[in-house]
Amino acid sequence: MRVRSAVLDAIAAHASRESPRECCGLLVGTEHEVIDAVPTANVAAEPLRRYQVSPSDHFAQMKRCRELASPEATAVGVIGVYHSHPRSVPTPSPTDLEEAFEDFLYLIAGPVDGSAQLDIRAYQLRAGKFENVELIVAGRT
Ligand SMILES: [Zn+2]
């Protein structure tokens with residue numbers, strides 16, 4: 001999966017801004033590339049250790065993608081979601097697994113508290129398990 005370096009920078013900045021709460025947002029792109037990371041509200045009842053993308057933000061992004069689409073362009077859509085682990089490594093939690101959908105891309109950023117270098121990793125759910133997805137960063141000089 002290709003990802004633009006600006007997308008990773010935006011996710012890292014959002015994670016820092018929201019810390020100690022988890023941040024979350026939507027990933028917009030194609031089957032092969034993450035083009036944009038759109039910050040959304042975390043509406044989880046316990047944002048210190050959970051995340052839930054605001055449904056109205058999700059709907060607004062799906063609508064925006066439909067408007068972006070043109071007949072000759074590769075299909076652009078909401079392809080996944082990102083969130084942060086403010087105090088731990090970017091490994092999916094049991095809750096992350098429980099709430100995941102097949103075919104969606106999951107980017108996790110962490111830790112944000114300075115205990116280690118922030119890392120961003122990607123996962124996809126296949127047959128009920130998270131598999132690592134290799135990120136190929138484009139546009140980093
Ligand atoms: Zn998580």
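For ligands, and for the atoms within them, numbers begin at 1 and follow the listed sequence.
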**Q** Say whether, by atom type as modelled, one donor and one acceptor occur between the side chain of N42 and the main chain of R50 under 3.5 angstrom.
**A** yes
**Q** Near the Zn ion (ligand 1), which protein N/O/S atoms are found at less than 2.8 Å?
**A** H83 NE2, H85 NE2, D96 OD1, D96 OD2
**Q** Does a sphere of radius 6.0 Å around CD in E99 hold more than 12 heavy atoms from other residues, nucleotides or ligands, not counting ones at 6.0 Å or beyond?
**A** yes
**Q** Would you say that more than 12 heavy atoms from the other residues, nucleotides or ligands in this model lie under 6.0 Å from the CZ of R49, or not?
**A** no
**Q** So with a 6.0 Å cut-off around CG of N132, is the heavy-atom count from everything else above 12?
**A** yes
**Q** Taking atom CZ as the centre, does F59 end up with more than 12 heavy-atom neighbours from other residues, nucleotides or ligands that are less than 6.0 angstrom away?
**A** no
**Q** Does any N or O in the side chain of Y106 come within less than 3.5 Å of the main-chain N or O of F101, such that one atom is a donor and the other an acceptor?
**A** yes
